[in-house]
Amino acid sequence: MGVAIRRAGEGDREAVTRLLDDAFQNDPVSSWVFPDAEDRRRTHPLLMGAFLGIVLEAGYVDVTEDGSACALWLSVPAEAHEEDEDGPAQIREAVDPDNERIEQIAQLTAQVHPSGTAHEYLWMIAVSPERQGEGLGTALIQHVLDRCDREHLPAYLEASSARSRTLYERLGFTFMGRTLDLPDGPPMWPMWRDPAPRA
């Protein structure tokens with residue numbers, strides 16, 4: 001059975017933010033950014049909304065037709081470009097000014113992000129907790145990886161758990177050899193996928 005996928009737009013902002021919040025509330029990295037569970041319940045949706053706003057503006061969001069899963073992608077060019085150094089601080093200011101980890105996570109992931117090769121960056125993927133294990137996330141990722149193979153583009157992501165790392169390995173991603181270890185927090189696994197050889 002195929003999974004119907006469409007491109008999300010402004011009208012999907014509220015539903016996709018809610019989906020991201022539901023899917024990542026108990027994620028190891030979200031739990032590190034917001035160690036207090038009550039604070040996380042209150043503030044985490046704001047961070048997810050900020051992330052979604054960035055990707056709606058600068059990238060693209062694929063969503064299953066029934067709204068139960070989404071993937072946030074950025075197309076990263078090969079040439080070096082000036083990073084928006086104020087971006088992480090602005091997100092922190094808008095979401096939770098007293099939480100330095102909001103700014104820190106953006107800076108740390110930027111430091112390990114590969115440069116010099118154009119690629120598709122899977123920033124986040126979310127599946128409704130009650131729909132996980134049905135292959136929706138795989139279908140969303142494969143949808144873009146098929147295009148990557150046609151256009152001979154690599155893809156990159158950071159896995160936020162050992163379980164998700166295993167899932168990404170099944171899709172052809174390879175651990176780049178060095179974890180991103182959050183201070184007093186969990187590891188993240190930078191992963192790269194070269195396009196399939198042309199037939």
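- The residues Asp96 and Arg101 are annotated as not salt-bridged, no charged nitrogen and carboxylate oxygen being separated by less than 4.0 angstrom.
- Atom CG in Asn99 sits 12.0 Å away from atom CD in Glu93 (nearest 0.5 Å).
- Summarising the local packing, CG of Asp184 is surrounded by 12 or fewer heavy atoms from other residues, nucleotides or ligands at distances under 6.0 Å.
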Practice task
Would you check, one step at a time, whether the test side-chain contact (heavy atoms from CB on, under 4.5 Å) holds for Trp123 with Val55?
Solution key: CA-CA 9 Å; Trp123 188 344; Val55 178; 3.1 Å; yes
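- For Pro195 against Leu153, the heavy-atom pair with the smallest separation is CB-O, 3.6 Å.
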Expected list for residues 136-145: side-chain donor-acceptor pairs under 3.5 angstrom, two or more places apart:
from   : atom 1 : to     : atom 2 : distance (Å)
Gln142 : NE2    : Asp146 : OD1    : 2.8

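- In this structure, Val63 and Ile5 have side chains that are not in contact, with every pair of non-hydrogen atoms separated by 4.5 Å or more.
- Salt bridge Asp21/Arg18: absent, no basic N to carboxylate O contact under 4.0 Å.
- A salt bridge does not link Asp98 with Arg92: every distance from a Lys NZ or Arg NE/NH1/NH2 to an Asp or Glu carboxylate oxygen is 4.0 Å or more.
- Applying the 6.0 Å contact sphere to CD of Gln132 captures more than 12 heavy atoms from other residues, nucleotides or ligands.
- The heavy-atom pair separating Gly67 from Leu19 by the smallest distance is O-CD2, 3.7 Å.
- Asp62 and Arg6 are not joined by a salt bridge, as no carboxylate oxygen comes within less than 4.0 angstrom of a charged side-chain nitrogen.
- Summarising the geometry of Asp66 relative to Ser68, their closest heavy-atom pair is OD1-OG, 2.7 Å, with the distance given to 0.1 Å.
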Handout entry: Intermediate values then yes/no, side-chain contact (heavy atoms from CB on, under 4.5 Å), Leu52 and Met124
Key = CA-CA 9 Å; Leu52 175 61; Met124 302 180 83; over 6 Å; no
Exercise for the section: Carefully, step by step, assess Val29 and Leu182 under the rule side-chain contact (heavy atoms from CB on, under 4.5 Å). Expected result: CA-CA 8 Å; Val29 175; Leu182 300 175; 4.2 Å; yes
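- Closest approach of Arg193 and Gly172 over heavy atoms only: CG-O, 3.4 Å.
- Side-chain contact check for Thr109 and Glu158: no donor-acceptor pair (N or O, by modelled atom type) lies under 3.5 Å.
- The closest donor-acceptor contact from the side chain of Ser161 to the backbone of Ser164 lies under 3.5 Å.
- Counting heavy atoms from C-beta on, the side chains of His113 and Tyr156 come closer than 4.5 Å.
- Expressed to the nearest 0.5 Å, how far CD of Gln104 lies from CD of Gln107 amounts to 7.0 Å.
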Practice task
Under the side-chain contact (heavy atoms from CB on, under 4.5 Å) rule, what do Glu169 and Trp189 come out as? Steps first, then yes or no, please.
Solution key: CA-CA 11 Å; Glu169 285 174 340; Trp189 289 265; over 6 Å; no
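- Residues Arg13 and Leu56 meet the side-chain proximity criterion, which asks for heavy atoms closer than 4.5 Å.
- Minimum interatomic distance between Leu46 and Val95 (heavy atoms only, all atoms of both residues): O-CG2, 3.8 Å.
- One N or O on the side chain of Thr64 and one on the backbone of Ala69 form a donor-acceptor pair closer than 3.5 Å.
- If you take OG on Ser75 and CD on Glu120, they are separated by 3.5 Å, rounding to the nearest 0.5 Å.
- To the nearest 0.5 Å, the span separating NE2 on His44 from OG on Ser30 amounts to 3.0 Å.
- The shortest non-hydrogen separation linking Pro154 to Trp192 is CB-CZ2, 3.2 Å.
- Ring pair Phe173/Tyr168 is perpendicular by interplanar angle, where above 60° counts as perpendicular and below 30° as parallel.
- Within 6.0 Å of CZ on Arg7 lie more than 12 heavy atoms contributed by other residues, nucleotides or ligands.
- The line from CD1 of Ile125 to CG of Leu157 is 9.5 Å long, rounded to the nearest 0.5 Å.
- Between Ile105 and Trp32 there is a side-chain heavy-atom pair separated by less than 4.5 Å.
- Within 6.0 Å of atom CD in Glu57, 12 or fewer heavy atoms from other residues, nucleotides or ligands are found, so the atom counts as exposed in its surroundings.
- Centroid-to-centroid, the aromatic rings of Tyr121 and Trp73 stay 6.0 Å apart or farther.
- The CE atom of Met191 lies 9.5 Å from the CG atom of Leu167; values are rounded to the nearest 0.5 Å.
- Within the 4.5 Å cutoff, no side-chain heavy atoms of Tyr60 are placed close to those of Leu74.
- Pro190 has its side chain out of reach of Arg178: every pair of non-hydrogen atoms, C-beta onward, lies at least 4.5 Å apart.
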